[in-house]
Amino acid sequence: MAAHFKENLQLAYDTVRAHKLRSGLTILGVFVGTVTLMAIGSILTGMNKTIVNEMRGFGTDTIFVYKFSPGIHVGGLTREERMRKPISERDIEAVRQECTACAAISPEIFNGFNNFGTGGDAHYRNHDVTPINFDGATPAYPLVLNQDISEGRYFDEFENEHREKVVVIGDSVATALFPGHEDPIGKTIEINGMDFRVVGVFAKRKMVGGDQQNLTVQVPYDTYRKIYPGAREHFFAVAARPGMLDEAMDQIRAALRRSRRDAWNAPDSFGMATADSIISQFHDITGKVALAIVIIASIGMLIGGVGVMNIMLVSVTERTREIGVRKAIGARRRDIIAQFLSEAVFLTGAGGIIGIFGGWLFSFLIKFALPNLPSSVPMWAVIAGFSISVGVGVFFGIVPAVKAAKLDPVDALRYE
Amino acid sequence: MSTPAAPQPTVTLPRAGGEREVVIRTADLWKIYQMGSEQVAALRGISIEIRRNEYVAIMGPSGSGKSTLMNLIGCLDSPTRGQYWLGGQLVSEMDDDELARIRNQEIGFVFQTFNLLPRATALHNVELPLIYAGVPPQERSARALEALRQVDLGERVNHKPNELSGGQRQRVAIARALVNRPSIILADEPTGNLDSTTSNEIMRLLEVLWERGNTIVLVTHEHDIAEYAHRVIHIRDGKVAGDAQTARGKAREAGAARG
């Protein structure tokens, strides 16, 4: 069979060239299937890359703690979750006391309703930004969350203790309130109707799921407590001592369970996550999406495969005479099978390869349209796209090929 | 074929009377077709022998079983009963793949309708049997070229069938039949689609091939064409109705006896 490989390839090529339109229509299904696979694959890859950069950007030794599991949520909250009490100042104090593997703790306080994002608006002259992400934090924040300050500085312990009305604003807020080249530092902006003096601007963070982080408007923790005495919700991040991430998590869990009086047989009434746990959570999701896409694309290609089978059956009938001649001059069954199978695989393989280029082009366009999404065609999509295309050719080509091989040479030669 | 002009008794097997070896032998060959509930016997016990370098015509009216016999001799079909030896091999017992090999190596077909592959060049058409024989590409084209030269088409090797005349197409088909150096050339109404001038050319070509040592079996229903052969086997109602030398055959034998 291998000896005829080149011959069969040439034959397949000639046949496809002789029926350009028909072949083109036949491989459309496989083409579209492959493009879909490649396009979605490249978007997923882009999202994966972004989330990795984003989460690692917060530091790999950082632990996030909240009353709900930080990270990605699919579906709504359970009843038990909705009933959870906020993380309190006392809880955080317990962690501070008991966690020896914790290097630093950065609590944030905000007016929680049922999730992050406290809303509100920031105002400067005739510029407005709403909703903003307004909360109070301690000077540990930039260190624990690995947050750079692009202009000015972060507020210090003195400003916190004296509840000064100073604010550090996210990059997007700065851009919106101070368009052009106006320096925000030292300017007084209005937040929810109160005046604050801008002391710093957070360096921009690249985010995949919206611009939340760049819409942060942060005032000192105690200042926030003073202006919102009813604020109860806390979120906190912990920087573990180097190499002690697991110990830190165990100690935080133990401290919080005791402080929050979680029953010994009850699950945690709070959630913890690390950059890597969120990344792997995200990878789980994208992995499932990728699998679903492969399945959906495969179904598309299977439908395309039925078209291939149909056209191959037509081709076998059209070329009955030729098959008779080939058999008369010595083609064995396997030679005929190889010939028609090669043709089917050539068709679908061509569809797959064109689809791979199509998908690559698509990914290239996405990169232009969404520069924040570093989409690139992943190897698995290329391999899956090509193998599924070829597999479809083999699967749907075998029946027509066997039909051709089984033709009786006498009947085939007599066929008009 | 390397054998020069026949007859050449010195190279034949030591058989009685110094006759050449038997290439085709059938013994009581039957072919029965099932037509609905009825059984129709197309061949009813055909026993013939054809020797190397004979030029034999098989004649018979349509429905005589001549085509069925040709299909059996050409190993395109298997008999219902009886034996068929081709070049000493019992082909009536062979399976599909073995028959394909026999067709490839031992038989060169020439059809009434030429049966060339329309999209392939003359050269490629002639190469085809060599491809299935597993001959490497370089040797393949060299041998195909040689076969085309033997039929005087050395100049038109890159033409496709629709760029050739009917006679030229049949020559390509003959080159294809020759290229694998088969035991027999089996020509089924080779002039059926040709005008009389071209027919004569093709028949002369077959004669040349015979002179070069080939065994030729010609299937026809035309007397003029059968007269080119040296021996005619008549088939009627699925049986051998006659087996005699033609005028040419007699003349050749007489000439050979004198020589």
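Side-chain atoms are counted along with the backbone in the values below, which use heavy atoms only and exclude waters and symmetry mates. Letters go in sequence order (proteins before strands), and every chain restarts at 1.
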**Q.** Residue from Arg332(A), Lys327(A), Arg333(A), Lys406(A) passing salt bridge (charged side-chain N to carboxylate O under 4.0 Å, His left out) with Asp96(B)
**A.** Arg333(A)
Q | Arg319(A)/Glu343(A) ion pair, N-O < 4.0 Å | A |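 Salt bridge flag = yes for Glu343(A) with Arg319(A).
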Q. Less than 4.0 Å between a side-chain N and a carboxylate O, is that true for Asp335(A) and Arg326(A)?
A. no
Q) Can you tell which of Asp152(B), Asn158(B), Leu153(B) makes a side chain to side chain contact (heavy atoms under 4.5 Å, CB included) with Arg156(B)? A) Leu153(B)
(Q) Only pairs of heavy atoms separated by less than 4.5 Å count here; which of Arg176(B), Arg101(B), Gln105(B) has the most with chain A? (A)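 The candidate making the most pairs under 4.5 Å is Arg176(B).
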**Q.** Residue among Leu116(B), Asp97(B), Asp77(B) with most heavy-atom pairs under 4.5 Å to chain A
**A.**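 So the answer, after comparing Leu116(B), Asp97(B), Asp77(B), is Asp97(B).
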Side chain from CB out, backbone as N, CA, C, O: work out which of these in [X] comes under 4.5 Å of a heavy atom of chain B, or both, or neither.
X: Arg414(A); answer: side chain
X: Gln10(A); answer: neither
X: Arg321(A); answer: side chain

Toward chain A, the part of [X] with a non-hydrogen atom under 4.5 Å:
X: Leu117(B); value: side chain
X: Asn115(B); value: both
X: Asn71(B); value: side chain

Q) Would a distance-only check, ignoring hydrogens and angles, find a side-chain to backbone donor-acceptor pair under 3.5 Å from Thr26(B) to Ile46(B)? A) yes
Q) Can you tell me if OH on Tyr33(B) sees more than 12 non-hydrogen neighbours from other groups inside 6.0 Å? A) yes
